[in-house]
Each structure stands twice: as structure tokens, then as C-alpha cells.
Amino acid sequence: MQLAECLYATAFMTFMIGVALCYSDRASTRSVLVMTAGILIDFSATAGLWLGIDALRLGVEGRNWAINVGSVLGFTVWLSFLATLAIWLTGRRR
């Protein structure tokens with residue numbers, strides 16, 4: 001397993017633990033912080049690829065539809081998390 005795969009798997013597991021905590025703790029700050037950690041790990045791994053860090057390369061050459069769809073879905077996840085975080089912060093201020 002390559003470093004990028006380990007980071008993405010860790011990010012997914014961390015995020016899902018945060019989601020589970022969110023359901024059981026009624027969206028406590030702790031659960032949101034765990035989800036944020038997962039998103040930051042995911043973003044860091046992807047940003048490392050963009051910056052050309054060779055250790056994070058997945059060994060895939062060229063572009064294909066699966067990579068393009070994965071990129072769009074990843075960006076969508078980041079945007080939806082930011083929107084959810086903004087709504088959560090707005091609700092906490094009331």
C-alpha cells in the first residue's frame with residue numbers, strides 16, 4: 001500500500017468516526033473536530049499531489065474518466081463539508 005492510499009484511508013476512517021460521533025453526541029464540537037481532521041488529512045494528501053511530492057504519487061499515468069470523476073467528487077466533498085461547517089457554526093451562535 002502506498003503512502004497516498006494510507007493517507008486517504010486514514011482520512012476516510014477519521015471522517016467516518018467523526019460522523020458516528022456526530023450522530024451520538026448531537027453534533028458536539030469534538031465530533032466536528034474529528035471530521036475536520038479527516039478532511040484536512042484528505043486535503044493535505046491531495047495538495048501534496050498537486051505540489052508534486054513524489055512520495056504521494058499513486059503510479060497512475062495520464063488521465064481517464066475514473067480519475068476525473070474522483071477529482072470532481074473529492075472537490076464536492078470539500079465544498080459540502082465547508083457548507084455544513086458554516087451552517088453548524090451559525091447554529092451554534094444562536
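Predicted model only: the values in this text are computed from it and were never measured. For this chain, numbers begin at 1 and follow the sequence in order.
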Self-check item: Heavy-atom closest contact (C22 atom, M35 atom, distance)
Solution: SG-CE, 4.2 Å

Exercise. Kindly determine whether V32 and W88 satisfy side chain to side chain contact (heavy atoms under 4.5 Å, CB included), including the steps that lead there.
Key: CA-CA 9 Å; V32 173; W88 179 78; 3.6 Å; yes

Self-check item: Reported OG1-to-CG distance for the pair T36 and L85, which is rounded to 0.5 angstrom
Solution: 5.5 Å

Self-check item: Members besides L21 in its Ile/Leu/Val/Met/Phe/Trp/Tyr cluster (side-chain heavy atoms under 4.5 Å)
Solution: I17, V34

Quiz item: Which residues satisfy the side-chain contact (heavy atoms from CB on, under 4.5 Å) test with V69, sequence neighbours excluded?
Solution: W65, L73

Quiz item: If you round to the nearest 0.5 Å, how far is CG of D42 from CZ of F12?
Solution: 11.0 Å

Quiz prompt | Partner of F75 by side-chain contact (heavy atoms from CB on, under 4.5 Å), out of V72, V77, L79 | solution = L79

Can you give the donor-acceptor pairs under 3.5 Å from side chains of residues 1-11 to other protein atoms, not counting sequence neighbours?
residue	atom	partner	partner atom	Å
E5	OE1	Q2	N	3.0
Y8	OH	T46	OG1	2.9
T10	OG1	C6	O	2.8

Practice problem: Answer with yes or no whether the hydrophobic clustering places V19 together with L40; edges join I, L, V, M, F, W, Y residues whose side-chain heavy atoms lie under 4.5 Å apart. | Solution: no

Self-check item: same_hphob_cluster(I39, Y23) at 4.5 Å side-chain heavy-atom cutoff
Solution: yes

